[in-house]
Amino acid sequence: MKVRVRFAPSPTGGLHLGGVRTVLYNYLFARANGGDFILRIEDTDQGRFVEGAEQYIMDCLEWCGLRPDESPVKGGPHEPYRQSERKHLYHQYAKQLVDAGHAYYAFDTPEEIEKMRTEHRKDEYSNAQYDTTTRVLMRNSLTLSADETAKLLADGTPHVIRIKMPEHTTVQLTDMIRGEISFDSSIVDDKVLLKADGMPTYHLAVVVDDYLMEITHAFRGEEWLPSAPVHVLLWQYLGWKDKMPQWAHLPLILKPDGHGKLSKRDGDRLGFPVFAMNWKDPKTGDLTKGFREMGFLPQAFVNMLALLGWNDGSGQEIFSMEELIMRFDISRVHKGGAKFDFEKAKWFNHQYIQQTPDDELAVLARPYIEEHVTAPAEALLKKVIPLIKDRCTLLPDFWAQGHFFFTTPEITERAAITDKWNDQKQAFFSEWIYKLESISQWDAVTIEASFNDLAAAQGIKKGDIMLPFRIMLVGGKYGPGVFAIAELIGREETVKRIKGIINK
RNA sequence: GGCGCGUUGGUCAAUCGGCUAAGACGCCUCCCUUUCACGGAGGAAUGACGGGUUCGAUUCCCGUACGUGCUACCA
């Protein structure tokens with residue numbers, strides 16, 4: 001049987017890094033097994049629909065290089081791929097379950113349910129569930145006569161269809177990551193399968209669509225584990241048990257500090273991205289920063305995510321997509337959640353910047369340079385890249401570490417010059433700018449030789465004037481070799497920057 | 001509260017009964033570099049707790065603790 005997996009996001013906002021990891025594991029598994037990777041949009045909640053979210057999700061997948069074989073826009077043999085467009089499909093299966101006695105109609109209003117919850121709560125911490133013990137108190141086709149039910153239905157009374165969970169049945173499932181897991185059916189409530197608006201809930205839709213789309217392996221977050229028995233029962237009740245996909249519940253990605261699932265707010269609070277790309281909420285207008293805009297390379301982002309909860313046991317950490325496809329093994333995925341470490345994420349990006357060819361880096365860095373200077377010379381950019389790349393972790397660093405090549409810097413560490421300034425240094429630089437004018441060969445070696453010669457002639461220590469010279473050219477105490485900088489910015493600019501300091 | 005899942009340094013983690021417990025990030029020291037990085041050499045830092053099983057437990061089993069998730073006509 002051909003392997004078929006799916007990523008089934010709900011289009012409600014930005015794509016969380018945990019979501020991207022789920023896509024990635026799906027993708028790697030599909031590719032390694034010659035299978036298909038499907039993108040299915042789970043938009044059954046009309047109330048939470050967010051304009052643009054679906055396109056955004058697809059853009060994120062594209063950026064990460066995780067292209068679906070079948071999707072709402074690409075199409076495929078199981079169209080449509082949006083659950084809202086599949087609405088008509090679900091009712092018959094819900095009906096089938098009712099007819100078989102595995103589900104029932106429930107006519108309770110939200111107020112009635114709320115009343116039941118508060119009146120029958122077992123303790124102060126929880127509400128009563130609509131389940132095997134409370135359903136006999138409610139208005140549903142189990143408590144109503146067949147005639148009453150038929151009349152309510154005929155009158156178009158708003159209703160839902162709920163699964164009738166069996167009492168004291170042990171539901172077992174085998175998880176590819178966790179092994180055997182079992183639940184007592186009595187503890188899970190009678191989940192709504194079909195909502196009053198005719199839309200299915202996740203529980204029905206995921207089973208029906210996974211069946212119809214011939215999904216063989218289903219990967220999802222650990223938060224779904226508690227409702228897994230509902231899904232297993234549904235597969236059984238619908239008569240599809242031998243077609244049920246193999247499950248894998250992925251561990252959660254947790255907050256770096258404190259506790260709990262990593263959320264968008266943690267990113268805002270701690271200063272790192274949580275979404276793959278910038279997300280602008282169309283309702284509030286709030287912009288949430290993404291890894292892409294923060295200057296991550298997609299390959300680094302993907303590599304980092306792959307290693308968050310998985311490793312191949314060899315100690316290797318840098319993997320190309322092809323290597324990941326070959327080495328990834330779902331059974332080696334960790335069971336426990338992992339705290340997200342932004343420092344490690346940056347380390348991955350640094351590694352990828354170092355291994356990216358200079359001309360590709362020039363293309364990637366250019367936009368960040370162009371935020372500050374118009375039309376930087378390609379030749380200069382190409383010479384600058386190798387000089388500064390090893391001190392660049394994120395793409396914007398190419399500006400932070402190389403701005404002085406393109407424009408006269410602001411002197412941010414003036415004290416490094418003025419604190420120990422004296423007539424001797426003043427004399428050195430005043431003299432040196434004349435020497436520079438007559439240098440025959442404008443390159444780092446010749447410039448440095450001239451510098452050394454004059455220092456020796458004037459009896460001044462080189463160490464005393466190197467730092468001031470750097471500040472003049474760079475503005476601060478950082479950057480590649482000063483003479484290389486002088487070579488690249490040229491004679492005129494070098495002299496100008498020295499004069500800018502000594503003529504004050 | 002109930003139920004599920006989990007628990008090796010600060011973080012990510014290897015180990016599938018023999019451990020003097022890998023490696024990486026971060027941190028510290030030194031070297032290199034007349035700057036900052038990169039690089040190199042070192043260092044500090046780990047099996048939640050209690051019982052079993054076993055010649056031998058980080059590894060297997062059971063409790064406890066802790067963490068985390070779920071407990072919606074949301075996914």
Side-chain angles (χ1 to χ4, degrees), chain A residues 8-12 42-45 47-48 83 106 108-110 113-114 117 121-131 158-162 175 177-178 181-184 186-189 191-203 205-206 220-229 249 251-252 254 256-257 259-261 304 307-318 332 334-348 350 354 388-393 397 401 413 416 461-467 469-471 473-474 476-482:
Chain A
S10 182
T12 53
E42 308 228 341
D43 55 350
T44 55
D45 187 351
R48 290 213 308 163
Q83 289 182 329
D108 318 277
T109 62
I113 294 175
E114 189 47 43
R117 286 192 203 288
R121 52 170 39 166
K122 299 183 194 78
D123 53 66
E124 58 181 312
Y125 303 100
S126 64
N127 284 322
Q129 300 191 119
Y130 199 121
D131 61 13
H159 64 276
V160 301
I161 291 179
R162 308 184 90 108
D175 186 279
I177 297 170
R178 292 152 210 280
I181 303 165
S182 60
F183 304 83
D184 181 336
S186 311
I187 56 95
V188 359
D189 61 336
K191 296 280 185 214
V192 169
L193 264 20
L194 205 66
K195 300 186 260 191
D197 66 1
M199 278 288 193
T201 58
Y202 172 81
H203 307 292
V206 73
R220 62 188 353 178
E222 190 185 340
E223 68 268 27
W224 289 108
L225 218 37
S227 55
H249 290 89
L252 267 10
L254 310 169
D257 61 345
H259 308 290
K261 275 198 286 192
M304 178 273 291
L307 272 283
L308 198 56
W310 170 83
N311 71 83
D312 74 346
S314 72
Q316 182 178 338
E317 295 192 280
I318 303 297
R332 280 193 67 93
H334 256 251
K335 296 178 177 74
K339 287 184 184 168
F340 178 65
D341 181 1
F342 189 52
E343 290 306 316
K344 187 71 187 249
K346 285 195 290 192
W347 176 82
F348 273 102
H350 184 260
Q354 303 324 307
I388 62 172
K389 66 191 280 192
D390 58 353
R391 56 206 90 202
C392 294
T393 298
D397 292 341
Q401 293 294 331
E413 302 198 59
K461 277 191 291 181
K462 192 184 177 187
D464 290 344
I465 44 181
M466 281 292 277
L467 188 60
F469 183 38
R470 168 171 296 282
I471 306 295
L473 297 194
V474 174
K477 296 185 222 178
Y478 59 92
V482 258

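All of these numbers come straight from a predicted model, not from anything done at the bench. Naming convention: chains lettered A, B, ... in sequence-line order (proteins, then strands); numbering from 1 in each chain.
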Determine whether Lys477(A) and Leu467(A) make a side-chain contact, defined as any pair of heavy atoms from C-beta on separated by less than 4.5 Å.
yes

For a quick test of reading the model, state the closest non-hydrogen atom pair linking Thr201(A) to Val192(A) and the distance between them.
OG1-O, 2.7 Å

Rounded to whole angstroms, how far apart are CD1 on Ile187(A) and P on C5(B)?
10 Å

Remember a base hit wins even if backbone is also touched, and classify Thr44(A) as base, sugar-phosphate or nothing at under 4.0 Å, heavy atoms.
sugar-phosphate

What is the nucleic acid contact for His334(A), judged by heavy atoms within less than 4.0 Å: base, sugar-phosphate only, or nothing?
sugar-phosphate

Checking all strands, does Arg178(A) fall into the base, sugar-phosphate, or nothing category for heavy-atom contacts under 4.0 angstrom?
sugar-phosphate

Leu252(A) side, atom CG; Lys339(A) side, atom NZ - distance, nearest 0.5 Å:
13.5 Å

List the atom of Glu317(A), the atom of Lys344(A), and the distance in Å for their closest heavy-atom pair.
OE2-NZ, 2.8 Å

Please list, for nucleotides 61-67 of chain B, all pairs of protein and nucleotide N/O atoms separated by less than 3.5 Å.
from, atom 1, to, atom 2, distance (Å)
G67(B), O3', His259(A), ND1, 3.3

Hey, does Pro480(A) reach any base, or is it just sugar-phosphate, or nothing, if we go heavy atoms under 4.0 Å?
base

His159(A) or Arg470(A): which one's nearest nucleotide on RNA chain B is closer to the 5' end?
Arg470(A)

Please report the distance separating the P of A37(B) from the corresponding atom of C60(B), rounded so that it comes out in whole Å.
44 Å

Geometric cation-pi criterion, Arg162(A) with Tyr130(A): 6.0 Å, 45°:
yes

Under 30°, 30 to 60°, or over 60°: which ring-plane class applies to Tyr202(A) and Trp224(A), parallel, tilted or perpendicular?
parallel

Scan Arg121(A) against the nucleic acid and name what it touches under 4.0 Å (heavy atoms): base, sugar-phosphate only, or nothing.
nothing

Students often get this wrong, so: under 4.0 angstrom with heavy atoms, is Ala338(A) touching a base, only sugar-phosphate, or nothing?
sugar-phosphate

Answer yes or no: does a side-chain N or O of Lys335(A) lie under 4.0 Å from OP1 or OP2 of A13(B)?
no

Sugar-phosphate only, base, or nothing, as touched by Arg117(A) at under 4.0 Å among non-hydrogen atoms:
sugar-phosphate

Sugar-phosphate, base or nothing in reach of Gly481(A), heavy atoms under 4.0 Å
base

Which part of the nucleic acid, if any, lies within reach of Lys462(A) when heavy atoms closer than 4.0 Å are counted: base, sugar-phosphate only, or nothing?
base

Rounded to whole angstrom units, what separation is found between the OH atom of Tyr130(A) and the C1' atom of U71(B)?
17 Å

Counting any heavy atom closer than 4.0 Å, what does Ile465(A) reach on the DNA or RNA strands: base, sugar-phosphate only, or nothing?
nothing

Involving RNA chain B, stems made of at least three consecutive Watson-Crick or G-U pairs, both distances under 3.5 Å
B:1-7 with B:65-71, B:10-12 with B:23-25, B:27-31 with B:39-43, B:48-52 with B:60-64

Take atom C1' in A65(B) and the same atom in U54(B), then report the distance between them in whole Å.
26 Å

How far, in whole Å, is A45(B) from G9(B) if one measures between their P atoms?
14 Å

P atoms of C19(B) and A57(B), separation to the nearest Å
14 Å

Just to be sure I understand the rule, does Lys261(A) reach a base, reach only the sugar-phosphate, or reach nothing, if contact means heavy atoms closer than 4.0 Å?
sugar-phosphate

For nucleotides C61(B) and U29(B), find the distance between their C1' atoms and express it as a whole number of Å.
46 Å

The reported gap from CH2 in Trp347(A) to CD1 in Ile318(A) (rounded to nearest 0.5 angstrom) is 4.5 Å

Roughly, in whole Å, what's the span from CG in Asp397(A) to C1' in C38(B)?
14 Å

Answer yes or no: are there more than 12 heavy-atom neighbours, outside Lys462(A) itself, under 6.0 Å from its atom NZ?
yes

Distance between the P atoms of U64(B) and C38(B), in whole angstroms?
49 Å

Can you find a pair of side-chain heavy atoms, one from Glu222(A) and one from Arg178(A), that are under 4.5 Å apart?
yes

To the closest 0.5 Å, what do you measure between CG (Asp43(A)) and CZ (Arg48(A))?
11.5 Å

Expressed in whole Å, how much space separates the C1' atoms belonging to C5(B) and A21(B)?
26 Å

When Cys392(A) and Gly315(A) are each assigned the nearest nucleotide of RNA chain B, the 5'-most assignment goes to Gly315(A)

Classify the nucleic acid contact of Gly336(A) as base, sugar-phosphate or nothing, counting any heavy atom under 4.0 Å across all strands shown.
sugar-phosphate

Within the side chain of Gln401(A), is there an N or O that forms a donor-acceptor pair under 3.5 Å with the backbone of Asp390(A)?
no

Is there side-chain contact between Met466(A) and Arg470(A), with at least one heavy-atom pair below 4.5 Å?
no

Given A14(B), is OP1 or OP2 found less than 4.0 Å from the side-chain N or O atoms of Asn311(A)?
yes

Distance check, P atoms only: U59(B) and G51(B), in whole angstrom units.
14 Å

Within this structure, what is the CD1-to-P distance between Ile388(A) and A37(B), rounded to whole angstrom?
16 Å

What nucleic acid atoms does Leu307(A) come within less than 4.0 Å of, heavy atoms only: base, sugar-phosphate, or nothing?
sugar-phosphate

